Amino acid sequence: MVKIKVKINGETYIREVEENRTLLHFLREDLGLTGTKEGCGAGECGACTIIMNGKSVNSCLVLAPEADGAAIETIEGEAKQGKLSKLQQAFDKHHAVQCGFCTPGMIMTIKELLAKNPKPTEEEIRQGIEGNFCRCTGYQQIIEAVQDATGQRKEKGDLKYV
Amino acid sequence: MLCEFTYLAPKKEKELLDILTEKGPELKLLAGGTDLLANIRLGVITPTIVVDLKKIPGYNVLRFDKKAGLEVGPAVTINQLKDHPDVKKNYHILTIAAEHLASHQLRNRATVIGNIVNASPSADMVPALLCLEASVVIVSKEGERTVPLKEFFTGVKKTVLRPEEILSQLLVPEKHTRAKGGFFKLKRIQGHDLGVVGVALLKTKDEYKCGISSAAPTPVLVEGIPLNTPAKKIIDKVLGAITPIDDIRGSKDYRNFMVGVYIKRLLEELR
Ligand SMILES: Cc1cc2nc3c(=O)[nH]c(=O)nc-3n(C[C@H](O)[C@H](O)[C@H](O)COP(=O)(O)OP(=O)(O)OC[C@H]3O[C@@H](n4cnc5c(N)ncnc54)[C@H](O)[C@@H]3O)c2cc1C
Ligand code: FES
Ligand code: FES
C-alpha cells in the first residue's frame with residue numbers, strides 16, 4: 001500500500017491505495033465516484049476518460065500511485081449546485097445521450113478540447129473524440145451538441161437552463 | 001486485475017540506475033504505461049516491480065538547438081512533441097507521424113521513447129525517426145552508449161537494450177531540419193487503430209529516405225535513393241526491402257500494394 005494525495009473536483013483526498021490499483025478502480029471502487037465508466041479497461045474505448053492536470057487521459061491506463069499530487073476532474077464535477085454544465089445541457093437538448101455509458105468520458109474529452117480550442121470545426125470535433133466510442137448515437141448528435149455549446153449552430157440555443 | 005507489484009518512483013537518475021542494476025530482470029520501467037499496463041492487464045508480463053521514470057527531473061526535456069538538433073527525454077509525450085512549434089517547423093514529418101498515433105487521450109500519456117522501446121513493427125514514430133537519422137542514448141551504472149536508431153531494433157519487440165539499461169535520450173540531428181517529408185498510415189477505420197502499413201518519405205538535400213512500418217519484424221529504412229529516381233524504381237527498391245505477412249489487419253499483397261500507392265502520393269507531394 002502507498003499513501004496518495006489527490007485533488008478531485010476541488011476536494012482533497014488522502015488515501016492508502018494498493019500499488020497495482022488503476023486510477024479508474026481507485027475512483028470507482030475506493031471513492032465511490034462511479035460516474036467514470038469502465039468499458040474495455042485497455043485504452044481503446046475512452047469510457048474511463050478523466051482530466052488529470054489539465055489533460056484528458058484514459059484512467060484505466062494510469063496507476064493510482066502515479067496520480068499522487070495530481071489535480072483530477074471527473075464527470076461528478078461538471079454540474080454545479082444541481083445545475084448541469086453548458087456542455088451537459090447541450091448533450092441533453094440534442095439527444096447526444098442514449099444509453100449514457102460513453103457520456104462521462106465523452107464530456108471530459110470534449111471539455112479538454114474546448115479548453116484549448118473554444119470553437120472546433122466539425123472535423124476537429126470528430127478527431128478530438130476519436131478515442132471515445134459511442135455505440136448508440138452514431139456521433140452526429142454529439143457533434144451537434146458540441147457545436148451548439150460553442151455557439152456554432154444556426155437554430156439559436158434555447159439551452160434549457162442557461 | 002493487475003498482478004501484484006511494488007511501485008517505485010525514484011527522484012534521481014542515480015537511484016534509478018541503482019535499482020536497474022540490482023533488480024533489472026524482474027522490474028519493468030513505466031513511462032506513459034499505455035503499452036506496459038495493457039500488457040500487465042493481459043497477463044503477458046508479470047513484473048514484481050514497476051519503476052515510474054516520470055518523476056526524475058530532466059526526463060521531461062524537449063529542446064531544439066540549431067546546432068545540436070532535437071533532444072527528447074523519456075517522459076516527453078507524443079502530444080508534447082506534436083504540439084511543439086520547433087518540431088513542427090524543423091521536423092514536420094514528426095508532427096505528422098505523431099498525429100497518426102492512437103487517440104488524443106492516449107497521446108497525452110504515451111511517450112515518444114516508449115514508442116521506440118516497445119519495438120512494435122507498427123510503431124508510428126519510428127519510420128519518420130529512421131528517416132531523420134535519429135539515435136538513442138542508453139545509460140546504465142556502467143556508463144553510456146549512443147546507438148543509431150537503425151541499429152536499435154533486433155526483432156519483433158526486441159532491441160539491443162539490456163535489463164539494467166534505460167533509454168535516456170532520443171537525439172534527432174540538425175542535418176535534416178526543414179527537409180520536406182510526409183507519412184501515410186493505412187488503418188482499417190478512420191478512428192484510432194494500429195497501422196496496417198505505414199510509409200514515411202523524407203526528401204533530404206541529396207536523396208530520398210523511406211521508412212516503413214508494419215511490413216517486417218522491425219520498422220525498415222531504405223536510404224540512398226537519388227532524387228531523380230523514377231517512382232517505379234523507388235517502389236521496387238522498397239518492396240525488395242520489406243517482408244510483410246498476412247495477418248488479422250491485412251494481407252501481404254494489400255500491404256505491398258499500399259506501400260506503392262503511398263510512395264506515389266508522397267512523391268507527388270514532395271517533388
Ligand atoms: C488503445 C491503444 C492504441 C494504440 N495505438 C497506437 C498507434 O496507433 N500507434 C502506435 O505506434 N502505438 C500505439 N499504441 C501503443 C503505445 O501507445 C505506444 O507505443 C506508446 O508510444 C508507448 O509509450 P508509453 O510511454 O505508453 O510506453 P510504456 O507502456 O510506458 O512502455 C513501453 C515499454 O517500453 C519500456 N520503456 C519505456 N520507456 C523506457 C525507457 N526510457 N528506457 C527503457 N525502457 C523503457 C517499458 O518498460 C515498456 O516495456 C497503442 C496502445 C493502446 C493501448
Ligand atoms: S475503459 Fe479505459 S479506455 Fe476503455
Ligand atoms: S450513448 Fe450509448 S454508448 Fe454512447
Side-chain angles (χ1 to χ4, degrees), chain A residues 1-4 17-25 29 38 40-70 105-106 108-113 116-117 120 123-134 139, chain B residues 1-11 27-55 60 75 77-80 82-83 98-111 114 187 189-194:
Chain A
M1 300 284 264
V2 283
K3 192 184 246 182
I4 62 167
V17 61
E18 283 148 23
E19 297 173 48
N20 63 347
R21 199 114 177 108
T22 62
L23 181 55
L24 173 63
H25 289 168
E29 291 165 16
E38 175 162 21
C40 63
E44 303 278 354
C45 75
C48 66
T49 305
I50 57 155
I51 299 178
M52 183 161 130
N53 296 329
K55 302 249 188 325
S56 60
V57 302
N58 303 95
S59 62
C60 68
L61 292 183
V62 179
L63 292 175
E66 285 183 270
D68 185 27
M106 199 65 91
M108 298 322 280
T109 300
I110 295 164
K111 190 176 177 181
E112 190 226 16
L113 171 72
K116 279 188 303 199
N117 183 358
E123 190 52 31
E124 285 168 343
I125 300 168
R126 285 186 186 278
Q127 275 172 7
I129 59 172
E130 187 180 14
N132 294 81
F133 291 175
C134 176
Y139 303 100
Chain B
M1 264 305 269
L2 307 180
C3 66
E4 277 184 32
F5 52 74
T6 307
Y7 170 87
L8 301 174
K11 295 209 168 63
L27 65 75
K28 275 287 172 189
L29 291 171
L30 172 72
T34 60
D35 269 310
L36 186 71
L37 298 179
N39 282 326
I40 293 180
R41 181 177 172 273
L42 291 173
V44 180
I45 42 174
T46 51
T48 57
I49 309 171
V50 168
V51 185
D52 190 350
L53 49 76
K54 294 188 292 297
K55 311 263 155 134
N60 200 17
T77 65
I78 302 285
N79 267 347
Q80 272 175 280
K82 173 174 124 349
D83 297 335
E99 283 166 355
H100 283 84
L101 193 142
S103 64
H104 180 73
Q105 294 99 303
L106 253 294
R107 290 194 292 268
N108 271 339
R109 295 290 288 173
T111 63
K187 298 186 284 188
I189 53 166
Q190 256 216 346
H192 76 99
D193 192 20
L194 291 178

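A note on names: the letters A, B, ... follow the listed sequences, proteins ahead of strands, and every chain is numbered from 1. Predicted, not measured: the structure shown is a model, and the values here were computed from it.
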(request) Check side-chain contact (heavy atoms from CB on, under 4.5 Å) between B:Thr111 and all other residues, then give those that pass, not counting sequence neighbours. (result) B:Ala31
(request) Using a cut-off of under 4.5 Å on heavy-atom pairs, state which of A:Arg126, A:Gln127, A:Lys55 scores highest against chain B. (result) A:Lys55
(message) Measuring only between side-chain heavy atoms, which start at C-beta, is B:Leu2 closer than 4.5 Å to A:Leu63?
(response) yes
(message) For B:Phe5, is there any backbone N or O sitting under 3.5 Å from a side-chain donor or acceptor partner on A:Asn20?
(response) no
(message) Please classify the contact of A:Val2 with chain B as side chain, backbone, both or neither, using a heavy-atom distance under 4.5 Å.
(response) neither
Which atom pairs, donor and acceptor, lie under 3.5 Å between side-chain atoms of residues 34-42 of chain B and protein residues at least two apart or in another chain?
unit_1, atom_1, unit_2, atom_2, d
B:Asp35, OD1, B:Asn118, ND2, 3.2
B:Asp35, OD2, B:Asn118, ND2, 2.6
B:Asn39, ND2, B:Asp35, O, 3.3
B:Arg41, NE, A:Gly41, O, 3.1
B:Arg41, NH2, A:Cys40, O, 2.9

(message) If I measure from the heavy atoms of chain B, does A:Met108 come under 4.5 Å with its side chain, its backbone, both, or neither?
(response) neither
(request) Please determine, among A:His25, A:Met52, A:Glu66, the option with the most heavy-atom pairs under 4.5 Å with chain B. (result) A:Glu66
(request) For A:Lys116, look at atom NZ and say whether over 12 heavy atoms of other residues, nucleotides or ligands are found less than 6.0 Å away. (result) yes
(message) Please identify, among A:Ile129, A:Asp68, A:Leu61, the residue contributing the most non-hydrogen atom pairs under 4.5 Å to chain B.
(response) A:Leu61
(request) Find the distance between CD (A:Glu19) and CD (B:Glu4) and round it off to the nearest 0.5 Å. (result) 9.5 Å
(request) Please report the shortest heavy-atom distance between A:Gly131 and B:Ser103, naming the atom on each side. (result) CA-CB, 3.4 Å
(request) Check whether any side-chain heavy atom of A:Asn132 sits under 4.5 Å from a side-chain heavy atom of B:Gln105, and report yes or no. (result) yes
(message) Let's test your reading of the structure: which of B:Cys3, B:Gly33, B:Gly32, B:Ala9 forms the most heavy-atom pairs below 4.5 Å with chain A?
(response) B:Cys3
(request) Measure A:Glu112 against the heavy atoms of chain B and call it side chain, backbone, both or neither at under 4.5 Å. (result) side chain
(request) Taking all non-hydrogen atoms of both residues into account, name the closest pair between A:Ser56 and B:His104 and its distance. (result) OG-CD2, 3.4 Å
(request) Measure the spacing between CD of A:Glu44 and CG of B:Asp193 and express it to the nearest 0.5 Å. (result) 8.5 Å
